[in-house]
Structures are given as structure tokens and as C-alpha cells.
Protein chains: 2
Amino acid sequence: MDSFGAFVRDRREALRQTDRRYSLRQVAERIGVEPSYLSKVERGEVAPPSEETIVRLARELDVLPDVLLALAGKVSSDLLDTIRKRPLLFGQLLRELRDLPDHAVLRLVREVRDGDW
Amino acid sequence: MDSFGAFVRDRREALRQTDRRYSLRQVAERIGVEPSYLSKVERGEVAPPSEETIVRLARELDVLPDVLLALAGKVSSDLLDTIRKRPLLFGQLLRELRDLPDHAVLRLVREVRDGDW
DNA sequence: TGTATTGTGTACTACATGATACACGCTCGT
DNA sequence: ACGAGCGTGTATCATGTAGTACACAATACA
């Protein structure tokens, strides 16, 4: 269940092939955490870090923050804010969409994006 | 900013008009918290309770859990689960809908509910 | 009038989260 | 060969969350 740590380690080591600045220690320093902590995170010995730390890590490893947040099982705080502003409305919507297949939801996304809403 | 506590107190005292079993102490006992704690919650001296306690309180006061959860500024865990299952998809959707007016989102909800999705 | 019940103040607590601090032994490059 | 840099183990901590425990004064009521 620790896809997060494994993903981070893989990605970091991939970058390291061509750039020796991607050692665990140096990455830890650049994102502002202790090396021992990042070590534990990568091995899944501890839970994924906070949202802020995950975002800094994502930037450092040049991956989409959303991807890393998803692997960590976190819902990003801007989405939470979006829901909190209109909880009943978005609650209703999400429960309606919960059981629909991806393609149906995607169709909706495109419709909204392209349409004259 | 404590609409939660105020709402709970108002609702409880309304029920109490016709049923003396809605004293703070008795409600506290039925939902399984200390009276002093419920007192602090109602007066906004402390933050709203956990989701579980909020739901028990909602049942006791016969209001929709979603309403109380919304007043507490909490996003209910079943919605979080829904997003967590397909984070990129729902993330994209919510960001698309974030700035649309209520009626547009509602139209979407109805379209999905009534349509042949 | 007294006792049963009520709401509240003060003090404390258990547990989770998100880390830090530092020592240790290994390994890689010069 | 040896020192710089590496990853990791152990111990510890600060803050937040979600409450409990209990005494107390006011009130209601029979």
C-alpha cells in the first residue's frame, strides 16, 4: 500500500542517473526536511508527508503535484475549499457521479469546458 | 464564525419547547459525550466535534447530517472517498466547475440524474 | 423548602500528525 | 587508503484534535 514512497524513490533514482544532485540527502535539503525523514518516507516506514511538503517534493522531482497527492491518498486543499464553499451542491453532484464510469464523467468535463456555460 | 454551535443550540432549544428530554445534559448523554463538552461546542468555545459525533448529533436533533457537516466546515468522508478513488478525474471536474454559478452546476446535476448516462 | 436537574468553568488527558536531531556504518571517487 | 558524501536507525518533540472528569452555582419543581 505504499505506492507513494516507492514512486518517489524510483523517480528520484531515475533523475539521479543523469544528475548526481538527486541524492536523498540533497533532495531532502532542497525541500527542507531531514534526510532521515525522507528516507523513512521513501521506504514507507512513515506515512506520506504533509500536503505542503508533498508539493515541494513534486516540484523538485518535476512531477504533477496532483499525481503525488493522489498517491498519498490526499485530497488537495484547493478542492476541499471548492467543496466547502458550496457543500450541499457539490455533495449532491459527487454522489450523483460516484457510480458513473470514467468516460461519462470525462464527457461532462469536456462539455463544461467547451460549452457556453 | 460559529454558526455551528449557534445552530445546534437553537435547534435543541426549539425541540425542548415541546419535549423536556432535550436538555443539554440529556442530549449529551444520548450522543455519548460529556455535558461540559457539548456546552462548549454550543457556545463555540471549542471547534465542532468529529464527523462521527456530528452525525450522531444530527440524528438526535433530526437535521440532515450534511447540513450540520457543512456548518462545521467539514467535507464528509464519503465524498473524500469518492474523490480518492479517482482523484485526477474528479479534481479536473471540480476545478472546471469551481467558478460556475449554482444554477449551472445544478443543471448539470439534473442532466446526469435524468439523462441516459 | 429542599432536592433534582441544569449549564458551565477549570484542569487534565490520549492519540495522531509531521516532523527534528544526531550518531552510525557503508561506499565511492580521487 | 581515506575523507566526503551517502542512506538509515533510534530517540525525541511540538502541535493539533477530540475529547474526559469533576466540582460548582443557578434554576426548576414537587
Side-chain angles (χ1 to χ4, degrees), chain A residues 1-2 4-58 60-61 65 68-69 71-77 80, chain B residues 1-2 4-58 60-61 65 68-69 71-77 80:
Chain A
M1 273 298 184
D2 177 38
F4 181 84
F7 180 92
V8 169
R9 171 146 297 189
D10 286 354
R11 175 66 183 152
R12 186 178 57 75
E13 292 190 335
L15 290 170
R16 202 188 190 185
Q17 297 303 311
T18 60
D19 189 340
R20 66 196 181 295
R21 290 175 15 249
Y22 287 89
S23 73
L24 185 149
R25 278 184 112 93
Q26 294 192 36
V27 169
E29 178 161 34
R30 286 198 296 275
I31 67 170
V33 300
E34 288 291 312
S36 62
Y37 180 57
L38 181 55
S39 170
K40 276 170 268 199
V41 167
E42 286 193 355
R43 288 171 298 120
E45 199 191 295
V46 300
S50 68
E51 177 167 351
E52 292 71 33
T53 299
I54 288 178
V55 170
R56 291 197 306 277
L57 187 52
E60 184 63 31
L61 301 179
L68 233 45
L69 285 173
L71 285 171
K74 308 225 182 203
V75 175
S76 86
S77 56
L80 291 180
Chain B
M1 273 301 178
D2 175 39
F4 180 84
F7 181 92
V8 168
R9 172 145 298 191
D10 286 355
R11 175 65 182 152
R12 185 178 57 74
E13 293 191 333
L15 289 171
R16 206 187 186 188
Q17 297 304 313
T18 62
D19 188 339
R20 66 195 181 292
R21 286 169 26 246
Y22 286 90
S23 75
L24 185 150
R25 278 183 112 96
Q26 294 192 36
V27 169
E29 178 162 34
R30 286 198 296 275
I31 67 171
V33 301
E34 288 291 312
S36 63
Y37 180 57
L38 181 55
S39 169
K40 277 172 264 198
V41 167
E42 287 193 355
R43 287 171 298 123
E45 199 192 297
V46 300
S50 67
E51 178 168 351
E52 292 69 34
T53 298
I54 288 178
V55 170
R56 289 198 307 278
L57 188 51
E60 184 62 31
L61 300 180
L68 233 45
L69 251 8
L71 285 171
K74 310 226 179 200
V75 176
S76 86
S77 56
L80 291 180

J.: Rounded to whole Å, how long is the line connecting atom CD of E52(A) with atom C1' of dG18(C)?
T.: 11 Å
J.: Side chain of K40(B), heavy atoms from C-beta onward: which of dA21(C), dA11(C), dG19(D) has the nearest atom to it?
T.: dA11(C)
J.: Ignoring backbone atoms, test whether S50(A) places a side-chain nitrogen or oxygen under 4.0 Å from the OP1 or OP2 oxygen of dG18(C).
T.: no
J.: Closest to the S36(B) side chain: dT8(C), dA18(D), dT6(C)?
T.: dT8(C)
J.: Which nucleotide, dT8(C), dA21(C), dG7(D), lies nearest any side-chain atom of S39(B)?
T.: dT8(C)
J.: Mapping T53(B) and E45(A) to their closest nucleotides on DNA chain D, which lands nearer the 5' end?
T.: E45(A)
J.: dA16(C) P sits how many Å from E51(B) CD, rounded?
T.: 18 Å
J.: Which nucleotide, dC22(C), dG7(D), dG9(D), lies nearest any side-chain atom of R16(A)?
T.: dG7(D)
J.: Base, sugar-phosphate alone, or nothing: which one does V33(A) contact when heavy atoms must sit under 4.0 Å apart?
T.: sugar-phosphate
J.: Taking only Lys NZ, Arg NE, NH1 and NH2, and the carboxylate oxygens of Asp or Glu, determine whether E45(A) and K40(A) approach each other closer than 4.0 Å.
T.: no
J.: Enter the distance from Q26(A):CD to R21(A):CZ here, rounded to the nearest 0.5 Å.
T.: 7.5 Å
J.: Would you mind reading off the distance between E42(A) atom CD and dG7(D) atom P, rounded to a whole angstrom?
T.: 8 Å
J.: CD of E34(B) versus P of dT6(C): gap in Å, rounded?
T.: 14 Å
J.: State which of dG19(D), dT8(D), dT8(C) makes the closest approach to the side chain of P35(A).
T.: dT8(D)
J.: Atom CZ of R9(B) and atom P of dT6(C): how far apart are they, to the nearest Å?
T.: 14 Å
J.: Out of dT10(D), dG5(D), dG7(D), which nucleotide sits closest to the side chain of R12(A)?
T.: dG7(D)
J.: Are S50(A) and T53(A) linked by a side-chain donor-acceptor pair shorter than 3.5 Å?
T.: yes
J.: Quick one: which of dT6(C), dT8(D), dT8(C) gets closest to the side chain of L24(A)?
T.: dT8(D)
J.: Measure CZ/R20(B) against C1'/dT27(D) and give the value in whole Å, please.
T.: 16 Å
J.: For dC6(D), does either OP1 or OP2 sit under 4.0 Å from a side-chain N or O belonging to S23(A)?
T.: yes
J.: Return no unless some side-chain N or O of R43(B) is found under 4.0 Å from OP1 or OP2 of dG9(C).
T.: yes
J.: List the steps, then state whether side-chain hydrogen bond (donor to acceptor under 3.5 Å, both in side chains) holds for S77(B) with E51(B).
T.: CA-CA 8 Å; S77(B) 56; E51(B) 178 168 351; 3.0 Å; yes
J.: What's the closest nucleotide to the side chain of Y37(A) if the choices are dG18(C), dC6(D), dC22(D)?
T.: dG18(C)
J.: Could you tell me whether a side-chain N or O of R9(A) sits under 3.5 Å from a main-chain N or O of E42(A), the two making a donor and an acceptor?
T.: no
J.: Within this structure, what is the CZ-to-P distance between R21(A) and dC6(D), rounded to whole angstrom?
T.: 12 Å
J.: For E29(B) and dT5(C), give me the distance from atom CD to atom C1', rounded to whole Å.
T.: 12 Å
J.: Kindly say whether F7(A) contributes a backbone atom to a donor-acceptor pair with the side chain of R11(A) at under 3.5 angstrom?
T.: no
J.: Please determine, for the side chain of R25(B), which listed nucleotide (dG7(D), dT6(C), dG9(D)) has the closest atom?
T.: dT6(C)
J.: Taking the side chain of Q26(B) as its heavy atoms from C-beta onward, which of dG19(D), dT6(C), dT8(D) lies nearest to it?
T.: dT6(C)
